[in-house]
Amino acid sequence: MKKKFYITTPIYYVNASPHIGHSYTCIAADTLARYNRQILGKENVWFLTGTDEHGQKIQKASDEAKLSPQEFVDKVVVQFKELWKALDISYDDFIRTTEDRHIRTVQKVLDILHRKGDIYEDKYEGLYCTPCETFWLQSQVENQLCPDCKRPVEKIAEKNYFFKLEKYQKWLIEYINKPENAKFILPSTRQNEVLKFLQINTLSDLCISRPKERLNWGIPLPFAPGHVTYVWFDALINYISAVGEFDDKDKYHSKWWPAELHLIGKDILRQHAIYWPIILKALDIEMPKTIFAHGWWMIGEDKMSKSRGNVVNPIDIVNKFGIDVYRYFLLRDVPFGLDGNFSEGALIKRFNADLANDLGNLVYRVLTMIEKYYRGDIPLADKKIQDIKLNARGEKIKSIIKTLHQAVDASLSGECDFSLPLEKIWGLINMANKYVEETKPWNLAKENKTEELKAFIRLLVEVIRESSKELSAFMPRTAESIKAQLGSDKINKGKPLFPRIDLSSKT
RNA sequence: CGCGGGGUGGAGCAGUCUGGUAGCUCGUCAGGCUCAUAACCUGAAGGUCGCAAGUUCAAAUCUUGCCCCCGCAACCA
């Protein structure tokens with residue numbers, strides 16, 4: 001069987017505009033998708049993203065905007081698509097939960113589970129705040145007052161439908177515990193967290209319906225037209241509704257499933273690591289290979305939140321610094337999985353140190369030498385690098401070029417580590433910069449050591465080409481630009497790739 | 001005794017599982033070089049690895065106790 005790679009992001013909830021967090025997941029997914037396309041071929045990679053468009057918050061937001069829910073989501077979804085375009089996100093499919101293919105599949109899933117007895121009817125009792133349209137737990141309520149609006153809550157009971165989670169709890173614990181599933185939930189600390197949670201608590205069955213009187217913006221239950229589907233139950237199913245179908249015998253068929261990787265933020269780990277596997281198990285569908293929960297971006301030292309007014313709009317950053325700079329910063333500055341601190345200062349620091357001084361400057365100085373010494377013709381252009389003899393340092397660099405891809409691959413496909421492969425690439429770049437210093441080409445030129453000079457330049461060209469090749473999944477435009485300048489036998493020198501940002505001079 | 005994560009030179013982190021000269025990036029200071037975007041290269045300063053006790057020839061690393069910080073309703077990457 002041919003190897004394939006199916007990667008997903010969460011489908012984003014469209015009750016507000018996209019921010020840095022949304023873009024983080026998509027950039028990471030995009031990088032992995034691009035990388036796997038290079039290795040497995042374009043036709044063997046499927047990158048899915050989309051939007052989650054049902055539920056109460058959306059109904060509310062659309063009311064406030066004086067639009068119908070459908071009109072409202074149609075409007076917001078455009079913002080997401082525009083952002084992905086602006087960030088070079090190369091998704092293969094974009095699913096919206098209001099699409100037919102999705103609704104059909106969700107209803108089929110509900111139908112199967114209902115027939116199977118995993119969905120059952122019961123009474124839901126709780127403390128309800130009518131103005132806020134929200135149920136609260138006893139533990140959240142003080143003096144019978146709504147924690148939000150401080151008005152009294154009432155105890156109400158309503159008919160609802162429940163999905164049997166507890167039935168599968170034991171199975172899930174065992175599944176996660178199996179050594180061969182060590183990569184089911186990553187990073188491993190998250191796996192630990194989920195496992196502990198499952199071992200300590202007994203899952204209560206999940207209420208998967210809402211009566212239409214309270215909420216009608218949702219997918220109707222096929223067996224109970226007076227109810228719509230709870231938005232999380234609806235949303236998770238996108239991962240299979242986008243890429244396959246059930247047959248008459250309730251068997252799911254898909255070219256792409258199971259997903260190799262569900263990329264998510266740490267906040268939605270429980271839904272993905274508990275609800276989702278259980279839904280799949282109940283449907284007798286294979287598990288995804290890996291669920292990876294990454295960290296959050298703090299804004300400076302603070303948590304990002306609307307009330308603080310510190311939400312970062314990715315478009316602003318991209319307009320100011322460029323797409324690849326933004327991508328590079330997010331992927332390089334913090335190990336995937338941990339929280340990071342976002343600030344323009346930190347970004348500029350990375351920009352100057354890594355992009356301008358190391359990579360940009362290396363490309364520029366090499367281009368200048370080729371221009372100066374060879375009038376723009378790359379020396380020994382027709383020769384393979386293996387066939388060129390070099391000094392000790394040169395040979396060392398040659399061997400690193402040879403193993404670079406392997407090093408990048410190991411951390412990228414192993415643990416979804418983006419910062420480490422970038423470090424490896426920069427290791428080569430830095431070594432090349434040292435090499436220039438050590439070799440002193442300006443002396444070689446004066447002393448007429450022409451063969452040495454040629455070999456030296458040719459190796460630097462190879463370093464740049466190889467680095468940019470490995471970089472292309474992370475920074476597609478930069479790789480293209482390098483290729484345009486150094487791709488053929490004759491160079492095509494342009495402006496510096498990343499003009500240094502001078503902070504000392506006043507703006 | 002709720003659960004989990006963490007406390008390592010000025011900042012951010014690695015190292016802890018598998019004890020054995022404390023490492024990386026940035027910053028600071030000094031020097032070198034000129035192909036290059038005041039970029040690049042070399043060197044230096046700077047840490048009793050949260051605290052205490054224990055195990056050991058030897059502890060950032062293992063054990064025990066303690067202190068401090070962060071997250072843990074829902075929605076949210």
Side-chain angles (χ1 to χ4, degrees), chain A residues 9-13 15-16 18-29 52 55-58 60 132 134-141 147-148 187 189-190 192-197 199-201 231-232 263-271 293-298 301 303-306 311 330 332-335 338-341 346 349-350 352-373 419-420 423 426-427 429-430 432-445 453 456-457 460 495-502 504-505:
Chain A
T9 72
I11 47 174
Y12 305 106
Y13 204 57
N15 64 337
H19 55 65
I20 181 174
H22 301 106
S23 72
Y24 187 39
T25 321
C26 269
I27 287 170
D52 183 6
Q56 188 173 307
K57 297 225 163 184
I58 285 170
K60 218 172 176 176
C132 295
T134 309
F135 273 101
W136 299 100
L137 293 174
Q138 188 64 59
S139 56
Q140 302 169 274
V141 172
D148 245 16
T189 58
R190 298 291 170 205
N192 225 346
E193 224 175 275
V194 171
L195 211 47
K196 270 273 159 40
F197 176 83
Q199 284 161 349
I200 290 169
N201 302 285
V231 68
W232 261 112
L263 229 48
I264 61 168
K266 66 177 185 179
D267 48 302
I268 49 174
L269 178 62
R270 201 167 289 181
Q271 289 85 346
H294 66 242
W296 272 13
W297 283 98
M298 315 284 277
E301 301 296 317
K303 213 169 149 172
M304 179 168 58
S305 76
K306 268 198 216 157
V311 175
L330 293 184
R332 173 66 184 80
D333 207 51
V334 171
L338 299 185
D339 289 354
N341 295 99
K349 222 168 168 180
R350 280 279 168 210
N352 279 340
D354 300 355
L355 299 178
N357 296 354
D358 294 345
L359 174 61
N361 185 50
L362 176 68
V363 172
Y364 198 71
R365 74 200 296 199
V366 169
L367 285 167
T368 305
M369 283 189 266
I370 295 171
E371 203 170 48
K372 188 162 175 173
Y373 300 136
S419 59
L420 195 65
E423 263 178 59
W426 255 260
I429 291 168
N430 289 332
N433 274 325
K434 280 191 187 65
Y435 185 50
V436 176
E437 217 57 46
E438 216 175 76
T439 311
K440 302 190 198 311
W442 47 94
N443 287 345
L444 295 183
L453 186 60
F456 160 81
I457 300 274
L460 290 177
K495 290 256 167 59
L497 288 171
F498 304 101
R500 198 180 151 79
I501 299 169
D502 193 353
S504 58
S505 72

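Each chain gets a letter, A, B and so on, in the order its sequence line appears, and its residues count up from 1. Values below: every heavy atom of this structure, side chains too, minus hydrogens, waters and symmetry copies.
- Tyr13(A) meets the ring pair (Phe, Tyr, Trp, His ring centres under 6.0 Å) test with no other residue; sequence neighbours excluded.
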Base, backbone or nothing for each nucleotide of nucleotides 3-15 of chain B, written B, S, -, heavy atoms under 4.0 angstrom, 5' to 3'? SS-----------
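- Nucleic acid contact class of Gly55(A) (heavy atoms, under 4.0 Å, all strands): none.
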Reading nucleotides 35-42 of chain B 5' to 3', which nucleotides get B (base under 4.0 Å from a protein heavy atom), which S (sugar-phosphate only), which -? BBB-SBSS
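- Heavy atoms of Trp426(A) sit nowhere under 4.0 angstrom from any nucleic acid atom.
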How would RNA chain B look in dot-bracket form, 5' to 3', counting Watson-Crick and G-U wobble pairs with both distances under 3.5 Å and writing | for bases paired to another strand? .(((((((.[[[[.)....(..]]]].(((((.......))))).....[[[[[..)....]]]]])))))).....
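- Taking only side-chain nitrogens and oxygens, Trp296(A) never comes nearer than 4.0 Å to OP1 or OP2 of C72(B).
- Not counting sequence neighbours, the partners of Trp297(A) by the ring pair (Phe, Tyr, Trp, His ring centres under 6.0 Å) test are Tyr24(A), Phe329(A).
- Salt-bridge formation is not detected for the pair Glu437(A)/Lys434(A): no Lys NZ or Arg NE/NH1/NH2 atom is positioned less than 4.0 Å from an Asp or Glu carboxylate oxygen.
- Separating the P atom of A11(B) from that of G7(B) is a span of 14 Å, rounded to the nearest Å.
- Within 4.0 Å of Gly265(A), counting heavy atoms only, lie sugar-phosphate atoms of the nucleic acid but no base atom.
- Gln271(A) has no side-chain polar atom (N or O) that falls below the 4.0 Å cut-off from OP1 or OP2 of C76(B).
- A donor and an acceptor atom, one from each side chain of Arg365(A) and Asn433(A), are located under 3.5 Å apart.
- Under the rule for a side chain to side chain donor-acceptor pair (under 3.5 Å), Lys349(A) has no partner lying at least two apart in sequence or in another chain.
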